[in-house]
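Below is one structure, written out as structure tokens; the observations come after it.
The structure displayed is predicted, hence computed values, not measured ones.
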Amino acid sequence: MQFWIFWIPNTKQTGKEKKTVMAEMTRKEAREAVFQLLFETEFRADEDPREIYAISEENRELCANEYLKESYFGVLEHREAIDEMIVRHSNGWKPSRISPVSRCVIRLCIYEMCYREDIPRAVSLNEAVELVKKYDEEKMRPFVNGLLNGVKNELEAAGKA
């Protein structure tokens, strides 16, 4: 199975116009861009994530969206804690056994549920399932949904708003 992620810039726009368009990026579009960066980072593990982001920022005009930047670096910063949650809720599956696409989506969703109070957990979970639906095999949707529901329930039981 091959995964291809492309970013096709609108070449009719220039400088200031591009930044304005990216500033108006929806949360859904920004979430997808974070996922793409995390996926790219999976395959460039020997490179500094700041360099990966800087190159993407330049080539994709990502600098205009704070959610994107905060979430990308937030997932990387909290990756160990996020992966511990994945292990607890994946019925014995280590994160390395989960497809790279689903693993990146799951990490982003758990980051949002744990560290972003401005996003309802149900929205994060739904958007994660939609990303898996778009980029991964159909059989991964129930797995991702079940794992993330377990995380959501754990957070709610612990009383984390």
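For the atom pair CD1 of Ile110 and CG of Leu147, the computed distance is 6.0 Å after rounding to the nearest 0.5 Å. Taking CG of Leu76 as the reference point, atom CZ of Phe73 lies at 7.0 Å (rounded to 0.5 Å). The distance from the CD atom of Glu40 to the CD atom of Glu47 is 8.0 Å, given to the nearest 0.5 Å. Going from atom CD1 of Ile52 over to atom OG1 of Thr41 covers 4.0 Å, rounded to the nearest 0.5 Å. Put simply, CG on Asn145 and CG on Leu125 are 5.5 Å apart, with the number rounded to the nearest 0.5 Å. Taken to the nearest 0.5 Å, the CE atom of Met85 stands 10.0 Å off from the CG atom of Leu148.
No donor-acceptor contact under 3.5 angstrom links the side chains of Asn153 and Asn149, judged on distance only. Between the side chains of Ser56 and Tyr72, no donor-acceptor pair of N or O atoms lies under 3.5 Å.
Counting heavy atoms from C-beta outward, Val151 and Glu156 have side chains that stay 4.5 Å or more apart. Residues Glu127 and Leu108 fail the side-chain proximity criterion, which asks for heavy atoms closer than 4.5 Å. Here the side chains of Phe43 and Pro100 are in contact, with some heavy-atom distance below 4.5 Å. Residues Ile98 and Phe143 form a side-chain contact, since some pair of their non-hydrogen atoms from C-beta on lies under 4.5 Å apart. For the pair Cys114 and Ile82, the minimum side-chain heavy-atom distance is 4.5 Å or more. Looking only at side-chain heavy atoms (C-beta outward), Arg31 and Tyr67 come within less than 4.5 Å of each other. At a threshold of 4.5 Å between non-hydrogen side-chain atoms, the residues Met140 and Lys133 do not count as touching.
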So Arg27 and Asp118, side-chain contact (heavy atoms from CB on, under 4.5 Å) or not? Walk me through it.
CA-CA 11 Å; Arg27 174 72 54 90; Asp118 60 325; 3.3 Å; yes

Evaluate the side-chain contact (heavy atoms from CB on, under 4.5 Å) criterion for residues Glu32 and Lys134: first the C-alpha distance (whole Å), next the side-chain angles of each, then the deciding distance (0.1 Å), finally the verdict.
CA-CA 10 Å; Glu32 189 167 351; Lys134 183 173 182 179; 2.9 Å; yes

Steps toward salt bridge (Lys or Arg N to Asp or Glu O under 4.0 Å) verdict (Glu130, Lys28)
CA-CA 10 Å; Glu130 289 299 315; Lys28 184 176 188 129; 5.4 Å; no

Checking Val34 against Lys69 for the side-chain contact (heavy atoms from CB on, under 4.5 Å) test, could you report, in this order, the C-alpha distance in whole Å, the side-chain angles of both residues, the deciding distance, and whether it holds?
CA-CA 8 Å; Val34 174; Lys69 186 173 185 175; over 6 Å; no

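The 12-atom threshold is not exceeded at CZ of Arg50, counting heavy atoms of other residues, nucleotides or ligands nearer than 6.0 Å.
In this structure, the side chain of Ser90 engages the main chain of Ile86 through a donor-acceptor pair within 3.5 Å. Judged by distance alone, with hydrogens and angles left aside, the side-chain atoms of Glu29 form a donor-acceptor pair with the main-chain N or O of Thr26 at under 3.5 Å.
Residues Phe39 and Tyr135 keep their aromatic ring centres 6.0 Å or farther apart.
Under a cutoff of 6.0 Å and an axis angle of 45°, Arg116 and Tyr111 do not form a cation-pi pair.
Ion pairing between Arg121 and Glu112 fails under the 4.0 Å rule for side-chain N and carboxylate O.
Annotation: side-chain contact (heavy atoms from CB on, under 4.5 Å) contacts of Arg79 (sequence neighbours excluded): Glu42, Asp83, Arg107.
The two residues Ser124 and Met113 come nearest to each other via the heavy atoms CB-CG, 4.1 Å.
Among residues at least two apart or in separate chains, salt bridge (Lys or Arg N to Asp or Glu O under 4.0 Å) pairs with a member in residues 85-96 are Arg88-Glu154. Pairs engaging residues 140-149 under the salt bridge (Lys or Arg N to Asp or Glu O under 4.0 Å) rule: Glu138-Arg141 [sequence neighbours left out].
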